Trainee: 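This is the structure I have questions about; it appears just below.
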Amino acid sequence: MIVLKIEHCPLSRVPQDQRLSLLCVAVVHMGMLTALDQFMLGAVLGNSMTLTDAFIAVFIGSLIFGVVTFGLGFAGMREGLSGSLLARWCGFGRMGSVLISLIVAVSLLGWFGIQNAIFAKSLNFASGNKLGFGWAAAISGTLLTTLVAFGFKALRFTARIAVPLFILLVAYISTIVLSGKAGQPLHEVINLPHSGETLSMSAGITIVVGGAIVASLMTPDLTRYTKSGKHVFGITLLTIIAGEFVINGLAILIAKALNTADVVTIMSQAAGGAGLLVVVFSTLRVNDLNLYSSSLGIINAVEGIAGKKLRYPPTTVVIGALGTLLSILGILDRFVDFLTILGVVFPPILGIMLVDYYILRTHRKVLDESRQKGNLPNETPTIGWAAIIASIIGGVVGLATEWGVPTINSLLMASVAYWLFKIAFSRRSLP
């Protein structure tokens with residue numbers, strides 16, 4: 001059986017004879033958006049918006065996610081390159097791509113803190129609140145950090161069973177809650193008002209994008225294994241259907257029916273101890289990847305910037321400790337703020353890469369020539385200041401402006417700024 005491994009060909013193109021089937025890549029890609037974090041996002045939407053507004057936010061956010069994901073995924077398929085390599089010849093240069101890896105690593109550290117907080121709440125709930133959230137978070141964070149840092153293989157088992165168990169649990173809870181056996185029948189749920197703090201439409205769209213945007217940046221890591229643009233489109237569509245509409249949609253309805261956005265409360269009310277156990281498995285599975293990827297990202301970034309190679313176990317311990325501290329300090333309470341930041345920081349990076357690759361085509365000639373030979377371009381730009389400055393401008397505009405939709409503002413502002421910078425620089429370089 002052929003298995004897709006993201007770490008294969010990290011610094012080279014994926015040859016055509018190593019490309020895989022649509023289903024093989026799609027299953028891995030869908031796994032990024034069929035996890036507990038998407039259910040958490042849907043629960044927030046359901047508890048903070050009317051049903052119609054929540055689904056409109058999901059639709060518009062999914063449309064933005066779909067466009068940028070397909071665009072970047074198609075480039076990854078065409079070039080056979082990962083996202084970090086692609087960024088080198090899409091405006092950011094070698095040092096710029098290192099900075100992107102650092103931003104991704106920091107965002108995964110935040111996700112570790114959030115997922116660990118969910119684990120801790122489940123642990124504290126199971127103990128009858130005897131542990132206290134702080135101690136529960138310290139215990140769960142220390143446990144997972146130890147497992148990941150020192151190479152225990154037990155997590156491979158949880159990774160294999162967590163996704164199917166979580167999907168089965170969501171299906172079970174949906175059947176119980178929305179049939180009226182626990183909570184209210186579906187036709188009554190549709191008309192229920194939201195009970196949480198109201199989210200505006202623009203805020204809802206932004207957090208939908210924020211919840212999935214890291215997956216967009218990682219898409220070329222997977223689609224470089226695909227065979228055609230049709231496969232990339234199919235993968236993108238299947239992921240949106242499974243993650244955004246099925247998982248998010250069901251979470252929206254369940255949160256409304258049970259009148260809460262708290263995942264631990266939802267699982268304990270609807271499925272008891274079994275539900276909490278699946279939550280723990282899911283957080284283990286997701287946080288295993290978060291901590292591992294964040295550690296590698298930090299190591300690669302430090303090596304690229306300072307030329308010093310950090311050791312993996314100590315780096316993982318430090319990052320795990322920081323993530324655990326974030327849990328204890330209450331990052332879960334800032335979940336919407338965290339998603340909002342992701343929703344305005346990452347779109348500028350994606351927009352700039354798409355503008356450079358498809359419109360300006362700055363390095364398309366050297367990419368085309370090297371692709372024919374099956375290797376990387378001989379010349380690699382050192383750092384793309386125009387891309388970095390435009391990214392900062394886009395992020396600031398997205399965070400600071402109150403008009404429009406923040407995620408769209410940041411995406412468009414960064415893309416236009418980069419395009420104008422490149423035109424201005426090219427004119428200055430003319431004799």
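Atoms considered below: every heavy atom in the structure, side chains included; atoms not considered: hydrogens, waters and symmetry mates. Computed from a predicted structure; not experimentally measured.
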Trainee: Out of L63, I60, L199, which one pairs with I205 under the side chain to side chain contact (heavy atoms under 4.5 Å, CB included) rule?
Mentor: I60
Trainee: Might you point out which heavy atoms bring A43 and A251 nearest each other, and give the distance in Å?
Mentor: N-CB, 3.7 Å
Trainee: Quick one, L85 and S82 - any side-chain contact, counting heavy atoms below 4.5 Å?
Mentor: yes
Trainee: What do the steps show when you test V263 against K121 for side-chain contact (heavy atoms from CB on, under 4.5 Å), and what is the final call?
Mentor: CA-CA 9 Å; V263 171; K121 287 192 70 172; over 6 Å; no
Trainee: Do the non-hydrogen side-chain atoms of F65 and L33 ever get within less than 4.5 Å of each other?
Mentor: yes
Trainee: Contact between V104 and F346 at the side-chain level, heavy atoms closer than 4.5 Å - yes or no?
Mentor: yes
Trainee: If we ignore hydrogens and angles and just use 3.5 Å, is the side chain of R19 paired with the main-chain N or O of M77 as donor and acceptor?
Mentor: yes
Trainee: Judged by atom type as modelled, is there a donor-acceptor pair below 3.5 Å linking the side chain of S202 to the main-chain atoms of V405?
Mentor: no
Trainee: Using modelled atom types only, decide if a donor and an acceptor are shared between the side chain of T142 and the backbone of I139 within a distance under 3.5 Å.
Mentor: no
Trainee: So, does S48 use its side chain to make a donor-acceptor pair with the main chain of L45 at under 3.5 Å?
Mentor: no
Trainee: So which atom in S97 and which in S84 form the shortest heavy-atom distance, rounded to 0.1 Å?
Mentor: CB-O, 3.3 Å
Trainee: Mind listing the side-chain donor-acceptor pairs of residues 240-248 below 3.5 Å, one per line with the distance, residues two or more places apart or on another chain?
Mentor:
| from | atom 1 | to | atom 2 | distance (Å) |
| --- | --- | --- | --- | --- |
| E244 | OE1 | N248 | ND2 | 2.7 |
| N248 | OD1 | G42 | N | 3.3 |
| N248 | ND2 | Q38 | OE1 | 3.3 |

Trainee: Ignoring hydrogens and angles, tell me if any N or O in the side chain of K256 forms a donor-acceptor pair with the backbone of G46 under 3.5 Å.
Mentor: yes
Trainee: At their closest point, which heavy atom of A75 faces which heavy atom of L86, and how far apart are they?
Mentor: CB-CD2, 3.7 Å
Trainee: Walk me through it: do L238 and F233 pass the test side-chain contact (heavy atoms from CB on, under 4.5 Å)?
Mentor: CA-CA 9 Å; L238 287 171; F233 180 80; over 6 Å; no
Trainee: Determine, stepwise, if the pair S295 / T316 fulfils side-chain hydrogen bond (donor to acceptor under 3.5 Å, both in side chains).
Mentor: CA-CA 5 Å; S295 299; T316 304; 3.2 Å; yes
Trainee: Please examine the side chains of L51 and L253, heavy atoms only from C-beta on, and report whether any two atoms are closer than 4.5 Å.
Mentor: yes
Trainee: N124: what forms a side-chain hydrogen bond (donor to acceptor under 3.5 Å, both in side chains) with it, not counting sequence neighbours?
Mentor: N129
Trainee: Answer whether the closest heavy-atom distance between the side chains of I266 and I254 falls below 4.5 Å.
Mentor: yes
Trainee: Please report the C-alpha distance between I114 and M40 in whole Å, then the side-chain angles of each, then the deciding distance to 0.1 Å, and finally whether the side-chain contact (heavy atoms from CB on, under 4.5 Å) criterion is met.
Mentor: CA-CA 10 Å; I114 287 171; M40 292 166 58; 3.5 Å; yes
Trainee: Which atoms form the tightest heavy-atom contact between G91 and A387, and what is the distance?
Mentor: O-CB, 3.3 Å
Trainee: With side chains defined as the heavy atoms from C-beta onward, is the minimum distance between F92 and S391 less than 4.5 Å?
Mentor: yes
Trainee: Test: side chain to side chain donor-acceptor pair (under 3.5 Å). Region: residues 346-362. Which pairs qualify, not counting sequence neighbours?
Mentor: R78-Y357, E79-Y357, D356-T362, D356-Y418
Trainee: Do you know the tightest heavy-atom contact between S107 and L342?
Mentor: CB-CD2, 3.6 Å
Trainee: Would you say the side-chain atoms of T223 pair up with the backbone N or O of T226, donor to acceptor, closer than 3.5 Å?
Mentor: no
Trainee: My understanding is that only one of D37, L332, L144 makes a side chain to side chain contact (heavy atoms under 4.5 Å, CB included) with Q115; could you say which?
Mentor: D37
Trainee: Less than 4.5 Å apart, side chain to side chain, heavy atoms only: is that true for I118 and F335?
Mentor: no
Trainee: Would a distance-only check, ignoring hydrogens and angles, find a side-chain to backbone donor-acceptor pair under 3.5 Å from R334 to I331?
Mentor: no
Trainee: Output all residues satisfying side-chain hydrogen bond (donor to acceptor under 3.5 Å, both in side chains) with T239, sequence neighbours left out; order by chain, then residue number.
Mentor: H29
Trainee: Can you list everything that forms a side-chain contact (heavy atoms from CB on, under 4.5 Å) with L169? Sequence neighbours excluded, please.
Mentor: I173, M267, A271, V278
Trainee: If we only count heavy atoms from C-beta on, is the L250 to S174 side-chain gap below 4.5 Å?
Mentor: yes
Trainee: Would you check, one step at a time, whether the test ring pair (Phe, Tyr, Trp, His ring centres under 6.0 Å) holds for W111 with F338?
Mentor: CA-CA 9 Å; W111 276 118; F338 175 70; 5.3 Å; yes
Trainee: Going by the rule side-chain hydrogen bond (donor to acceptor under 3.5 Å, both in side chains), which residues pair with S216 if we only count those two or more places apart in sequence or in a different chain?
Mentor: T69
Trainee: Answer yes if the side chains of T50 and D53 hold a donor-acceptor pair under 3.5 Å, and no otherwise.
Mentor: yes
Trainee: Hey, mind stepping through L217 and I349 against side-chain contact (heavy atoms from CB on, under 4.5 Å) and telling me if it holds?
Mentor: CA-CA 9 Å; L217 195 57; I349 296 171; 4.3 Å; yes
Trainee: At their closest point, which heavy atom of A390 faces which heavy atom of F421, and how far apart are they?
Mentor: N-CE1, 4.1 Å
Trainee: Determine yes or no for a side-chain-to-main-chain donor-acceptor pair under 3.5 angstrom, with S294 supplying the side chain and L291 the backbone.
Mentor: no
Trainee: Please check this pair: side chain of S327 against backbone of G113, looking for a donor-acceptor N/O pair closer than 3.5 Å.
Mentor: yes
Trainee: Would you find a donor on one side and an acceptor on the other, under 3.5 Å apart, between the side chain of N116 and the backbone of G141?
Mentor: yes
